[in-house]
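Some notes on the structure that comes next.
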Amino acid sequence: MTSTKVIIREAQSEDAQDVLNYLKFITNETSNLLLTPEEMAQKELTDEINLLEESSKSSANLFFVSY
């Protein structure tokens, strides 16, 4: 059996492109999300950067990434 180390941390603005790519990918994979592929196609990188920056300032919102 092999083990894999996974690191989980709060998302930062530098993660915005990867987060955006992932969201665009998964919205095309399922219809069980609140976002549609059409809505995701309109999202810009600056939108995601702003969302992650605002989230990091809030005590009520958290975004995590893992790798």
Quiz item: Hey, what do you get for CD (Glu10) to OG (Ser56), rounding to the nearest 0.5 Å?
Solution: 6.0 Å
Distance-only criterion, 3.5 Å: show the donor-acceptor pairs between side-chain atoms of residues 40-51 and protein atoms not counting sequence neighbours.
from: Asp47; atom 1: OD2; to: Glu44; atom 2: N; distance (Å): 2.9
from: Asn50; atom 1: ND2; to: Thr46; atom 2: O; distance (Å): 3.2

Self-check item: Minimum heavy-atom distance between Ser66 and Ile8, given as atom pair plus value
Solution: CB-CG1, 3.9 Å
Exercise. Using salt bridge (Lys or Arg N to Asp or Glu O under 4.0 Å) as the criterion, list what pairs up with Lys5, not counting sequence neighbours.
Key: none
Practice problem: Check whether any side-chain heavy atom of Val65 sits under 4.5 Å from a side-chain heavy atom of Asp18, and report yes or no. | Solution: no
Exercise. List the steps, then state whether side-chain contact (heavy atoms from CB on, under 4.5 Å) holds for Phe63 with Leu52.
Key: CA-CA 7 Å; Phe63 282 88; Leu52 294 176; 3.9 Å; yes
Report, one line per pair, each donor and acceptor closer than 3.5 Å where one atom sits in a side chain of residues 24-33; sequence neighbours left out.
from: Thr27; atom 1: OG1; to: Leu23; atom 2: O; distance (Å): 3.1
from: Thr27; atom 1: OG1; to: Lys24; atom 2: O; distance (Å): 3.1
from: Asn28; atom 1: ND2; to: Lys24; atom 2: O; distance (Å): 2.9
from: Thr30; atom 1: OG1; to: Asn32; atom 2: N; distance (Å): 3.1
from: Thr30; atom 1: OG1; to: Asn32; atom 2: ND2; distance (Å): 3.2

Exercise. Measure the spacing between CG of Asn21 and CG of Asp15 and express it to the nearest 0.5 Å.
Key: 11.5 Å
Quiz item: Is Phe64 reachable from Val6 through a run of hydrophobic residues whose side-chain heavy atoms are each under 4.5 Å from the next?
Solution: yes
